[in-house]
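Sharing a structure here in structure tokens format.
Being a predicted model, the structure only gives us computed values, none of them experimental. Just so we're on the same page: letters track the sequence lines, and every chain starts at 1. Side chains included, hydrogens not; waters and symmetry mates left out as well; all remaining heavy atoms used.
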Amino acid sequence: RLRKWQERIRTKDAGERNLQFALSEIDRMASSLGIPRSVREVACVIYRRALDEDLIRGRSIEGVATSTLYAACRMEGIPRSLEEVAAVSRVERKEIGRTYRYVAQELSLEMEPVDPKQYTPRFCSELDLSEEVQAKATEIIDTTTEKGLLSGKSPTGYAAAAIYAASLLCNEKKTQREIAEVAQVTEVTIRNRYQEQIEAMGI
Amino acid sequence: MTDPKDTINIENVVASTGIGQELDLQSVAMDLEGADYDPEQFPGLVYRTQNPKSAALIFRSGKIVCTGAKSTDDVHESLRIVFDKLRELQIQVNEDPEIVVQNIVTSADLGRNLNLNAIAIGLGLENIEYEPEQFPGLVYRLDEPEVVALLFGSGKLVITGGKKPKDAEHAVDKIVSRLEDLGLLE
DNA sequence: AGTTTACTTTCCAAAGC
DNA sequence: GCTTTAAAAAGTAAACT
């Protein structure tokens with residue numbers, strides 16, 4: 001009887017320690033990505049839900065913590081790409097993506113696809129581009145999306161190409177390399193999306 | 001308009017069977033030309049047939065898995081070749097061991113571009129998985145028939161998980177009618 | 001700048017770790 | 001869970017020319 005009781009306390013303590021570790025990891029990753037406190041709190045709430053639903057079993061705490069932060073950013077409309085969260089996590093990108101899909105499905109998070117426009121303010125700001133370029137990029141994204149160009153394309157690559165096109169149109173040119181660095185995509189992807197977009201825009 | 005069902009093409013058939021007899025894979029690997037056997041990596045011996053093209057995984061238990069065939073007839077033909085090869089090695093194999101098709105992968109074309117964003121929201125986020133950052137296809141799990149469809153922006157699709165060719169036809173019909181109901185196929 | 005190769009996703013069986 | 005096998009879809013990445 002005493003042994004069972006001690007075991008319960010031990011598991012409870014271990015669970016408590018694991019939860020504290022997960023929450024501090026979320027905080028650490030969020031800090032290095034410059035994610036606001038309100039979003040970290042959303043991530044912590046999702047993590048606790050995942051814990052309550054017993055979704056952590058068979059998965060790494062760090063993996064679930066990272067996925068939870070990724071999901072929270074999307075829910076709050078300030079997405080970070082898997083590339084970006086993977087850069088501050090000790091779990092690889094593929095694992096984070098798989099865990100995110102599992103958690104989102106099990107908790108019925110019903111996440112809508114990421115809108116490329118949600119990346120433009122942050123990317124433009126990191127590139128020191130004007131509001132004018134940002135507005136132009138937004139317009140390019142809206143127009144080309146209406147023409148059906150977005151299906152299947154990565155939101156970061158799509159946003160990066162629109163920003164590249166907008167920077168040219170507004171005479172504030174940034175090189176493909178500079179934009180690729182900020183958006184964490186390759187120059188080849190920017191070229192491919194850019195060609196389609198300017199053609200659809202009739203430029 | 002061409003019926004999307006007419007564009008269905010079987011791309012891969014997976015089937016299992018068995019010769020009801022234990023095998024010494026080490027000696028089979030020695031005698032069978034072109035056999036790949038690395039028990040440290042995987043317990044099955046890999047044997048590839050050329051006509052029709054397929055890959056057979058042969059296990060110590062005598063059970064066999066055949067993949068890569070383009071039709072159910074090809075699976076039977078490939079396995080017939082495998083059975084004959086084993087017989088050449090003085091291994092007893094019945095006339096026609098039971099062959100069970102486990103999975104059929106098909107491709108098809110709806111003939112129009114698809115707005116995957118609208119489909120993801122329209123068909124309801126519950127049976128749909130669409131993460132273009134991770135994969136360009138939208139994953140749609142059907143209950144009847146019980147298959148999984150991957151829909152692409154081009155209107156092309158992949159259907160997998162079915163046990164018979166008809167499953168893919170039924171799946172295409174359901175997908176088409178559901179997209180039409182939502183006004184997402186036009 | 002553009003090409004080639006390789007990897008991402010879905011499915012399934014097998015035996016063993 | 002993982003390992004291996006096969007195949008399609010289309011996008012992206014890495015490594016070259």
Side-chain angles (χ1 to χ4, degrees), chain A residues 57-60 81-83 93-95 97-98 101 150-158 160 176 180 183-196, chain B residues 7-18 22-23 25 36-49 52-71 74-75 78 99-110 114 116 129-142 146-163 167-168 171:
Chain A
R57 250 183 223 181
R59 261 159 263 272
S60 71
S81 67
L82 287 172
E83 270 321 319
R93 194 204 119 116
K94 187 174 157 184
E95 244 279 298
R98 282 189 179 185
R101 271 159 27 214
L150 181 58
S151 281
K153 268 71 163 224
S154 146
T156 46
Y158 206 87
Q176 293 177 1
Q184 297 269 267
V185 296
T186 63
E187 295 160 80
V188 178
T189 294
I190 293 181
R191 284 198 284 274
N192 290 337
R193 294 304 133 250
Y194 165 76
Q195 292 292 353
E196 291 175 352
Chain B
T7 69
I8 292 178
N9 191 26
I10 294 179
E11 305 289 353
N12 183 24
V13 178
V14 180
S16 60
T17 186
E22 292 253 333
L23 292 170
L25 294 184
D36 287 340
Y37 181 48
D38 182 2
E40 302 285 292
Q41 193 173 78
F42 188 69
L45 177 154
V46 182
Y47 181 72
R48 282 162 234 271
T49 62
K53 202 177 133 194
S54 77
L57 303 176
I58 305 172
F59 297 89
R60 181 190 40 71
S61 63
K63 291 189 176 176
I64 300 172
V65 171
C66 181
T67 64
K70 291 286 186 190
S71 69
D74 281 358
V75 176
S78 290
I99 293 170
V100 180
V101 173
Q102 302 286 357
N103 182 32
I104 296 179
V105 181
T106 50
S107 61
D109 190 353
L110 297 180
L114 301 175
L116 299 182
E129 210 172 275
Y130 175 50
E131 293 292 334
E133 188 185 344
Q134 301 185 56
F135 185 69
L138 179 152
V139 183
Y140 183 20
R141 286 163 208 280
L142 297 263
E146 204 175 310
V147 299
V148 173
L150 305 178
L151 313 197
F152 296 88
S154 63
K156 300 257 184 71
L157 53 142
V158 170
I159 293 162
T160 185
K163 303 267 186 210
D167 289 341

Would you say a side-chain N or O of A/S154 is under 4.0 Å from OP1 or OP2 of D/dG11?
no
B/F59 or B/N12, whichever maps to the more 5' nucleotide of DNA chain C:
B/N12
Starting the side chain at C-beta, find the nucleotide from C/dC11, D/dA9, C/dA15 nearest to B/V148.
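Between C/dC11, D/dA9, C/dA15, the one nearest the side chain of B/V148 would be C/dC11.
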Hey, does the side chain of B/S16 come within less than 4.0 Å of C/dA13's phosphate (OP1/OP2), counting only N and O?
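Answer is no, no contact under 4.0 Å.
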May I ask you to say what A/G152 touches in the nucleic acid, namely base, sugar-phosphate or nothing, with a heavy-atom cut-off under 4.0 Å?
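The answer is sugar-phosphate, as A/G152 gets under 4.0 Å only of primed atoms, P, OP1 or OP2.
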Integer-rounded Å distance: C/dG2 P and A/N192 CG:
8 Å
When the C1' atoms of D/dA9 and C/dA13 are considered, how many whole Å apart are they?
23 Å
Gap between atoms CD and P, on B/E22 and C/dA14 respectively (whole Å)
15 Å
D/dT12, D/dT5, D/dA7: which one has an atom nearest the side-chain heavy atoms of B/K53?
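That would be D/dA7.
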Could you work out which one of C/dC12, D/dT12, C/dA15 sits closest to the side chain of B/N103?
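Closest nucleotide among those given: C/dC12.
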Compare the minimum distances between each of D/dA13, D/dT4, D/dA9 and the side chain of A/V185, then state the nucleotide with the smallest one.
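Nearest nucleotide to the side chain: D/dA13.
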Rounded distance [0.5 Å steps], CD in B/E133 versus CG in A/L82:
4.0 Å
N/O (side chain, A/R57) to phosphate O (OP1/OP2, D/dG1) under 4.0 Å
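Negative; the distance criterion is not met.
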Report the distance from atom CD of B/E133 to atom P of C/dT9, rounded to the nearest whole Å.
13 Å
Between C/dT8 and A/K94, is there an OP1 or OP2 to side-chain N/O distance shorter than 4.0 Å?
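Yes, because at least one side-chain N or O of A/K94 sits under 4.0 Å from OP1 or OP2 of C/dT8.
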Among the nucleotides C/dG16, C/dT9, C/dC12, which one has an atom lying closest to any side-chain atom of B/V14?
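From the listed options, C/dC12 comes nearest.
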Candidates D/dA7, C/dA14, D/dG11 - which lies nearest the side chain of B/E11
D/dA7
Between atom CG in B/L150 and atom C1' in D/dA8, what is the gap in whole Å?
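Whole-Å distance recorded here is 9 Å.
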Proximal nucleotide (of D/dG11, C/dG2, D/dA8) relative to the A/V188 side chain
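From the listed options, C/dG2 comes nearest.
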If you measure from the P atom in D/dA13 to the same atom in C/dT9, how many Å do you get, rounded?
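Looking at atom P only, D/dA13 and C/dT9 are 15 Å apart.
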Could you tell me how far apart B/K63 (NZ) and C/dG16 (P) are, to the nearest whole angstrom?
11 Å
Looking only at the side chain of B/T67 (C-beta and beyond, no hydrogens), which of the listed nucleotides C/dT9, D/dA6, D/dT12 gets closest?
D/dA6
Whole-Å distance separating the CG atom of B/L151 from the P atom of C/dC11:
14 Å
Give me the distance, rounded to whole Å, that separates C/dT3 from D/dA8 when you measure between the C1' atoms they each carry.
22 Å
Side-chain N or O of A/T186 less than 4.0 angstrom from OP1 or OP2 on D/dT12?
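For D/dT12, OP1/OP2 do not have a side-chain N/O of A/T186 under 4.0 Å.
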Here the distance between atom C1' of D/dG11 and atom CG of B/L116, to the nearest Å, is 12 Å
Report which part of the nucleic acid B/T160 touches: base, sugar-phosphate, or nothing (heavy-atom distance under 4.0 Å, all strands).
base
Derivation of the side chain to side chain contact (heavy atoms under 4.5 Å, CB included) call for B/R141 and B/V148:
CA-CA 5 Å; B/R141 286 163 208 280; B/V148 173; 3.8 Å; yes
Within the side chain of B/K163, is there an N or O that forms a donor-acceptor pair under 3.5 Å with the backbone of B/N103?
no
Are B/K163 and C/dC11 close enough that a side-chain N or O sits under 4.0 Å from OP1 or OP2?
no
Taking for each residue the nucleotide of DNA chain C bearing the nearest heavy atom, is the 5' side occupied by B/G62 or by A/Q195?
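Going by which nucleotide is closer to the 5' end, it is A/Q195.
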Measuring to OP1 and OP2 of D/dG11, would you say a side-chain N or O of A/R193 lies under 4.0 angstrom away?
no
OP1, OP2 of D/dG1 versus side-chain N and O of A/R98: anything below 4.0 Å?
no
Does D/dA13 have OP1 or OP2 under 4.0 Å away from a side-chain N or O of A/Q184?
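Looking at the OP1 and OP2 atoms of D/dA13, neither is under 4.0 Å from any side-chain N or O of A/Q184.
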Any B/S54 side-chain N or O less than 4.0 Å from OP1/OP2 of D/dT5:
no
Consider the side chain of B/Q102, meaning its heavy atoms from C-beta on, and name the nucleotide among C/dT8, C/dA13, D/dT5 that approaches it most closely.
C/dA13
Is the phosphate of C/dG16 approached by B/R60 (side-chain N or O, under 4.0 Å from OP1 or OP2)?
yes
Please check if the side chain of A/S151 supplies one atom and the backbone of B/L114 the other of a donor-acceptor pair under 3.5 Å.
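Pair found, side chain donor or acceptor close to backbone of B/L114.
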Would you mind classifying the nucleic acid contact of A/R101 as base, sugar-phosphate or nothing, using non-hydrogen atoms under 4.0 angstrom?
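It contacts sugar-phosphate atoms only.
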Treating B/E131 as the side-chain partner and A/R101 as the backbone partner, does any N or O pair qualify as donor plus acceptor under 3.5 Å?
no
Are any of the side-chain heavy atoms of A/E83 and A/V185 separated by less than 4.5 Å?
no
NA contact type, A/Q176, heavy-atom cut-off 4.0 Å: base, sugar-phosphate, or nothing?
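Sugar-phosphate: the residue A/Q176, judged by heavy atoms under 4.0 Å, touches backbone atoms but no base.
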Protein-nucleotide distance (B/L138, atom CG; C/dT8, atom C1'), rounded to Å:
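Atom-to-atom, B/L138 to C/dT8, this comes out as 16 Å.
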I'd like to know whether B/V13 forms a side chain to side chain contact (heavy atoms under 4.5 Å, CB included) with B/D74, so could you lay out the CA-CA distance, the side-chain angles of the two residues, the decisive distance to 0.1 Å, and finally the verdict.
CA-CA 9 Å; B/V13 178; B/D74 281 358; over 6 Å; no
Would you sort out whether B/K156 and B/D109 count as a side chain to side chain contact (heavy atoms under 4.5 Å, CB included), showing the intermediate values?
CA-CA 4 Å; B/K156 300 257 184 71; B/D109 190 353; 3.5 Å; yes
How do B/V65 and B/P136 order along DNA chain D: which one's closest nucleotide is nearer the 5' end?
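With B/V65 and B/P136 compared, the 5'-side residue is B/V65.
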With heavy atoms under 4.0 Å as the rule, sort B/T106 into base, sugar-phosphate or nothing.
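Answer is nothing: B/T106 stays at 4.0 Å or more from every strand.
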Of the listed nucleotides (D/dC2, C/dA14, D/dT12), which one gets closest to any side-chain atom of B/F42?
C/dA14
Paired nucleotide for D/dA7 [Watson-Crick or G-U wobble; both distances under 3.5 Å]
none
Among B/L138, B/L110, B/V158, side chain to side chain contact (heavy atoms under 4.5 Å, CB included) partner for B/F152
B/V158
